[in-house]
Amino acid sequence: MIKINGTIKKILPTQTLSGGFEKRIFWMQDDDPKFPNTFQLECWKADTIMLEEYKVEDKITCYIDLKGKQFPGRDGEDKVTNILKCWNIEKDAKLWKKI
């Protein structure tokens with residue numbers, strides 16, 4: 001489990017893929033003031049509805065699992081893809097309170 005804090009930058013609609021598998025992608029920028037990173041995260045299946053409670057610019061904490069998959073590339077060389085799978089989101093008012 002990995003925990004990251006940041007701001008929602010984009011929320012895409014839920015996608016239905018083959019076999020009825022659903023996923024929803026969103027972008028989150030971490031709270032590093034000097035070198036911020038933007039991450040693409042995915043919610044799968046029943047977790048896609050979590051994003052209904054949030055909007056762009058909300059400050060959140062995400063709990064994620066790092067997923068990876070090896071697959072054959074078109075050029076004959078094996079490739080690897082990595083996914084940040086979000087399984088919980090929290091909005092923490094104390095964490096983001098302005099001083």
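Only a predicted model underlies this, so the values are computations on that prediction, with no experimental measurement involved.
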Ion pair [X]/[Y], N-O distance below 4.0 Å:
X	Y	value
Lys91	Glu53	no
Glu52	Arg24	yes
Glu42	Lys23	yes

Compare all side-chain heavy atoms of [X] with those of [Y] and state whether any distance is below 4.5 angstrom.
X	Y	answer
Asp30	Ile4	no
Lys45	Glu22	no
Gln15	Phe21	no
Thr7	Met28	no
Lys79	Arg74	no

Problem set entry | Expected output: side-chain Tyr54 to main-chain Ile89 donor-acceptor under 3.5 Å |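 Judged by distance alone, yes, a pair lies under 3.5 Å.
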Exercise. Has the side chain of Asp65 got a donor or acceptor atom that lies under 3.5 Å from a matching backbone atom of Lys85?
Worked result: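 No; judged by distance alone, with no hydrogens or angles, the pair does not exist.
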For this session: Specify the closest pair of heavy atoms between Pro72 and Asp78, including all atoms of both residues, with the distance to one decimal.
Result: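 Closest approach of Pro72 to Asp78: CA-OD1, 3.8 Å.
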Exercise. Any luck finding a side-chain donor-acceptor pair between Lys69 and Thr81 under 3.5 Å?
Worked result: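 Not at all, the side chains of Lys69 and Thr81 share no donor-acceptor pair under 3.5 Å.
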Gap between atom [atom2] of [Y] and atom [atom1] of [X] - 0.5 Å precision:
X	Y	atom1	atom2	answer
Leu84	Leu41	CG	CG	5.0 Å
Cys62	Trp87	SG	CH2	11.0 Å
Ile2	Ile64	CD1	CD1	4.5 Å
Leu17	Thr14	CG	OG1	10.5 Å

For this session: Take Lys10 and Ile8, measure what side-chain contact (heavy atoms from CB on, under 4.5 Å) needs, and give me the verdict at the end.
Result: CA-CA 6 Å; Lys10 187 174 192 174; Ile8 296 174; over 6 Å; no
For this session: Take Leu51 and Phe26, measure what side-chain contact (heavy atoms from CB on, under 4.5 Å) needs, and give me the verdict at the end.
Result: CA-CA 9 Å; Leu51 287 164; Phe26 68 104; 3.6 Å; yes
Exercise. Are there more than 12 heavy atoms of other residues, nucleotides or ligands under 6.0 Å from atom CD1 of Ile49?
Worked result: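 It does not: Ile49 CD1 has 12 such atoms or fewer within range.
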Exercise. Would Ile60 and Glu90 satisfy side-chain contact (heavy atoms from CB on, under 4.5 Å), going step by step from the backbone distance to the final call?
Worked result: CA-CA 6 Å; Ile60 60 172; Glu90 293 176 348; over 6 Å; no
For this session: Indicate, with yes or no, if the rings of Trp27 and Phe39 have centres closer together than 6.0 Å.
Result: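 Not under 6.0 Å, so no.
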